[in-house]
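Step one of this worksheet: look at the structure below.
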Amino acid sequence: MTEGDTVETLFQTLVGVLITGMTLVVSINQLVLSEEFGSLGRQRERMDKSMTFRKDSEREFQWTGPPEPERFLSTLINTSVDRAKTVQEAVKGNSDQLLRNRVDQLVDRIATSADEITDDLEDSPFGEFTIMQAALSYNYSWKIYLVRRLYWEHRESLSDEEREAIDDLVDILELFGPAEEFFKAHYLQWELVNLSRRILYTGIPALLFTIYAALYLKPGTVSGTVLSIPALVWVINGGVTFALIPFFIFTAYVLRTASIAKESGAIGPFVLHESERAPLINWGD
């Protein structure tokens, strides 16, 4: 530090890192935004598919359903609870005691899970991590598997009305998968855009500071001590920390989005994570 070469080299390196990092972030931002561009035919196809899903959900809800993502997910969850209770009512007169016990267990677990998740979804506008955390906690894939297994293990004792009630429950659970994936994709898109903006907001001041430090910060520029430590050491440590703020932001966003991508698993009735295989029913095996 007394010679100044180390300080100059350090901040020169940080200047290059910041320029490279900000360029990378702009490229990521362009890649994300490129998904929004397309021909009229492609945009019409996206609209048609969205409306098809919307009409399917309307048939299940028996009304239009809410337009807000958090309320739409809550409606899906509450409807699945209602369908599960319909199955419970349908099998009340069934002579298969084991079937009735298993359905009771399933309904109780689904209702408990729904209460916890809908509480988290309340007052959580789209774009917050709370929504995705709650949606991923519903483990609809595992519920589909349990309902289908329940059907196949007791199909001989099920009436047509009971089978129809079970199919209705599976139908509403199947809607949760694409809805969750759609909202997850848009949430991750928003997060990447927010990442780009925040790195640019912090990266430009950090770049200006590091350029100034590389050009003008010399051993004789700052004198004195603070808490018995040379003031130059405080200035250099503070400058390096300030220059690394964009990297800290980048790390936080990458860890968050990577965790969501991993925990969401695969769409459909396949359960990839052991933590999602909650014992909702005591199968006795």
Side-chain angles (χ1 to χ4, degrees), residues 14 17-37 46 50 66-77 113-143 175-207 210 238 240-268 270-278:
L14 287 174
V17 169
L18 284 170
I19 293 175
T20 303
M22 292 172 65
T23 304
L24 175 62
V25 167
V26 171
S27 300
I28 293 175
N29 195 35
Q30 290 177 336
L31 178 62
V32 172
L33 292 178
S34 66
E35 294 296 320
E36 298 300 318
F37 304 139
R46 292 175 62 184
S50 296
E68 301 88 355
E70 65 277 7
R71 291 182 57 207
F72 185 84
L73 290 175
S74 294
T75 304
L76 277 174
I77 293 172
S113 174
D115 289 339
E116 296 173 354
I117 294 172
T118 51
D119 288 341
D120 292 336
L121 289 175
E122 282 187 21
D123 303 324
S124 298
F126 183 73
E128 292 187 1
F129 177 70
T130 308
I131 289 184
M132 292 313 306
Q133 186 180 31
L136 296 176
S137 300
Y138 193 57
N139 60 356
Y140 72 94
S141 299
W142 185 239
K143 291 178 174 63
L175 287 179
F176 196 89
E180 177 191 276
E181 291 298 315
F182 177 78
F183 295 140
K184 182 186 76 174
H186 280 273
Y187 170 79
L188 294 178
Q189 187 181 63
W190 281 28
E191 286 290 84
L192 291 175
V193 171
N194 289 333
L195 168 64
S196 302
R197 294 170 58 185
R198 288 172 181 169
I199 285 188
L200 289 176
Y201 291 156
T202 58
I204 292 177
L207 180 61
T210 52
V240 171
T241 303
F242 183 59
L244 291 178
I245 287 177
F247 173 75
F248 297 149
I249 294 175
F250 180 79
T251 302
Y253 271 82
V254 168
L255 287 175
R256 186 188 308 170
T257 55
S259 298
I260 291 174
K262 181 179 180 181
E263 291 302 320
S264 58
I267 187 171
F270 300 101
V271 183
L272 304 183
H273 304 287
E274 182 68 29
S275 59
E276 294 181 354
R277 301 166 192 170

Met22 and Ile204, any side-chain heavy atoms less than 4.5 Å apart:
yes

Mind checking salt bridge (Lys or Arg N to Asp or Glu O under 4.0 Å) for Arg71 and listing every partner two or more places apart, or none if nothing turns up?
Glu68

Determine whether Leu14 and Leu207 make a side-chain contact, defined as any pair of heavy atoms from C-beta on separated by less than 4.5 Å.
no

Going by the rule side chain to side chain contact (heavy atoms under 4.5 Å, CB included), which residues pair with Leu24 if we only count those two or more places apart in sequence or in a different chain?
Ile28

Give me the atom names and distance for the closest heavy-atom approach of Pro246 to Gly203.
CG-CA, 3.7 Å

At what distance, to the nearest 0.5 angstrom, does CG of Asn139 lie from OG of Ser113?
6.0 Å

Set of residues satisfying side chain to side chain donor-acceptor pair (under 3.5 Å) with respect to Arg256, sequence neighbours excluded:
Glu191

Across all chains, not counting sequence neighbours, the ring pair (Phe, Tyr, Trp, His ring centres under 6.0 Å) partners of Tyr201 are none

Working to the nearest 0.5 Å, report the span between CZ of Phe72 and CG of Leu76.
4.5 Å

Contacts of type ring pair (Phe, Tyr, Trp, His ring centres under 6.0 Å), residue Phe176, not counting sequence neighbours:
Tyr138, Tyr140

Set of side chain to side chain contact (heavy atoms under 4.5 Å, CB included) partners for Thr75, sequence neighbours left out:
Phe61, Trp63, Pro66, Thr79

Would you please name every residue forming a side chain to side chain contact (heavy atoms under 4.5 Å, CB included) with Ile249, sequence neighbours left out?
Leu195, Arg198, Ile199, Thr202, Ile245, Tyr253

Residue list, side chain to side chain contact (heavy atoms under 4.5 Å, CB included) with Ala114, at least two apart or on another chain:
Ile77, Val81

Of the non-hydrogen atoms in Thr210 and Ala243, which two are nearest, and what is the gap between them?
CG2-CB, 3.5 Å

Value rounded to 0.5 Å, distance of OH in Tyr187 from CG in Leu192
10.5 Å

